[in-house]
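Before any comments, here is the structure.
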Amino acid sequence: MRIVSGIQPTSQLHIGNYLGAIKQWIPLQENNECVFFIADLHAITTPYDPKNLQNAIKETVIAYISAGLNPEKAIIFVQSQIKEHTELGWLLNTICPIGELERMTQYKDKSKKFKANINAGLLDYPVLQTADVLLYKGQAVPVGKDQEQHIELMRTLSRKFNQKFGQTFSEPASMILKEGSKIMSLTDPKKKMSKSDDPKSCIFLFDEPEVITKKILSAQTDSGKDVIYNVTKKPGISNLLTIYSLLTGKTTQQLEDEFRDKGYGDFKKSLALVVVNYLEPFRRKQKELATREVYIQEILKQGHSRALTIAQETIKEVKEKMGLV
Ligand code: AQP
């Protein structure tokens with residue numbers, strides 16, 4: 001099966017990006033053809049500093065590898081280096097009803113968050129995302145829950161394209177985990193953890209142990225003192241229980257039993273230790289890769305060449321079907 005997914009280099013990757021997306025990419029590499037890209041063309045739809053972008057891209061590649069992606073297996077590359085993404089994006093624009101884009105939750109949220117920069121790229125984001133997947137004839141897209149609506153649009157557009165121009169694409173399925181698909185902010189557990197929010201709200205993959213501990217100890221919890229999983233009544237503690245459970249393999253029920261007579265303080269201290277230990281190999285690998293510039297460039301070069309072959313084939317077919325060749 002061909003699997004496609006990507007992450008924007010908008011800031012450092014956090015534990016939500018890992019638990020919702022990257023963690024499921026790792027086993028998929030074994031028996032599938034995986035295409036994992038750095039979504040820099042998406043990252044420029046929100047305010048950014050051009051001087052920092054190349055560095056952010058490099059850090060995202062390092063994060064991919066440190067978290068377990070294998071460049072020998074997966075195709076890893078930078079989206080903007082393959083111009084066929086934008087080309088297919090434009091072609092798909094011509095079959096995408098504008099109303100579909102205006103109702104997208106992410107567009108509405110980001111328009112509120114970046115009021116001074118509601119650009120056309122922000123609205124068109126899901127069409128480019130559709131192009132990212134269809135360009136490689138992706139059959140499944142492993143993502144977090146926030147992307148569900150965008151995958152639904154991919155399915156609609158691939159159906160529309162096939163009806164209008166003849167069978168070309170299969171409808172990509174979303175792969176969204178039951179647990180961990182929406183890790184919440186540490187400072188406001190009613191909101192999704194987002195890398196472009198306040199750093200205190202995120203556990204970044206490469207945060208130093210004392211930073212992780214500080215963030216977890218000051219994470220917002222709920223009234224009462226019992227460690228109980230109840231998303232409606234105790235969103236803060238439930239979010240921390242989810243993280244604990246996903247990193248240890250213990251169920252939330254087991255964790256409730258383990259912390260029955262202990263308060264939030266003991267639970268948070270124990271969680272901090274779990275997170276620090278889990279991320280320790282990631283930090284080690286990141287430090288090693290940060291000095292291996294040539295190796296990182298080589299990964300991207302190889303990935304680019306493998307991706308380009310598929311992308312050019314698809315664009316040729318699409319343009320022929322649309323009467324452009
Ligand atoms: N909080 C989350 N819990 C689980 N999964 C998440 N993802 C993002 N946040 C969470 C998943 O991570 C992948 C990366 O997404 P992206 O960088 O393309 O954009 P995003 O979804 O908008 O991620 P962020 O962290 O919120 O970034 P910013 O702040 O730049 O918008 C996707 O698979 C996403 O579902």
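Just so you know, ligand 1 is whichever comes first in the structure, and atom 1 is the first atom listed for that ligand.
In terms of protein heavy-atom proximity, atom 33 (O) of ligand 1 is nearest to G144 N, 3.2 Å. T10 OG1, 2.7 Å is the protein heavy atom nearest to atom 30 (O) of ligand 1. Closest protein heavy atom to atom 7 (N) of ligand 1: N17 ND2, 3.7 Å.
Taking the side chain as every heavy atom from C-beta outward, D197 and K113 approach each other to under 4.5 Å. P235 places a side-chain heavy atom less than 4.5 Å from the side chain of D222.
Backbone and side-chain nitrogen or oxygen atoms of D197 are examined, and none is located within less than 3.5 angstrom of a nitrogen or oxygen of ligand 1. Looking at ligand 1, you won't find any N or O of K113 less than 3.5 Å from one of its N or O atoms. The distance criterion of under 3.5 Å between nitrogen or oxygen atoms is not met by P142 with respect to ligand 1. Considering backbone and side-chain N/O of I183, one or more are found under 3.5 Å from N/O of ligand 1.
Atom numbering of ligand 1 starts at 1 in the shown order; those under 4.0 Å from a heavy atom of S181 are 3 (N), 4 (C), 5 (N). For ligand 1, the atoms sitting less than 4.0 Å from at least one non-hydrogen atom of G20 are 4 (C), 5 (N), numbered in the order shown with element in parentheses. The Q147 neighbourhood of ligand 1 comprises atoms 21 (O), 35 (O), with distances under 4.0 Å to a heavy atom of that residue.
At a 4.0 Å heavy-atom cut-off, ligand 1 touches H14 through the side chain alone. At a 4.0 Å heavy-atom cut-off, ligand 1 does not touch A39 at all. Residue S196 touches ligand 1 through backbone and side chain together, judged by heavy-atom distances below 4.0 Å. Residue contacts with ligand 1 for H42 are absent, since no atom lies close enough (heavy atoms, distance under 4.0 Å).
Annotation for K192: atom NZ counts as buried by contact number, over 12 foreign heavy atoms lying within 6.0 Å.
Here the shortest heavy-atom pairing between A74 and R306 reads O-NH1, 3.4 Å. The minimum heavy-atom distance linking F77 with L300 is given by the pair CA-CD2, 3.9 Å.
Nearest residue to atom 6 (C) of ligand 1 from S194, S174, G16 is G16 (criterion: closest heavy atom). Of the listed options K192, M193, Q8, K192 places a heavy atom closest to atom 24 (P) of ligand 1. Considering only non-hydrogen atoms, atom 31 (O) of ligand 1 lies nearest to K110 out of K110, Q129, K195, K23. Of the candidates V143, L19, D146, it is D146 that places a heavy atom closest to atom 35 (O) of ligand 1.
Note: F204 and H14 have tilted aromatic rings, judged against thresholds of 30 and 60 degrees for the angle between ring planes.
Considering E171, E313, E317, E33 in turn, E317 is the only one that fulfils the salt bridge (Lys or Arg N to Asp or Glu O under 4.0 Å) rule with K137.
Between atom CZ of residue F206 and atom CD1 of residue I62 there is a gap of 7.5 Å, rounded to the nearest 0.5 Å.
At least one heavy atom of G180 sits closer than 4.0 Å to an atom of ligand 1.
For the residue pair K195 and T10, a side-chain donor N or O sits within less than 3.5 Å of a side-chain acceptor on the partner. Between Q106 and D146, the side chains place no donor N or O within less than 3.5 Å of an acceptor N or O (distance only, hydrogens not considered).
Under the 6.0 Å cut-off for aromatic ring centres, Y64 and F36 do not qualify, their centroids lying 6.0 Å or more apart. Aromatic rings from H85 and Y136 are positioned such that their centres are separated by under 6.0 Å.
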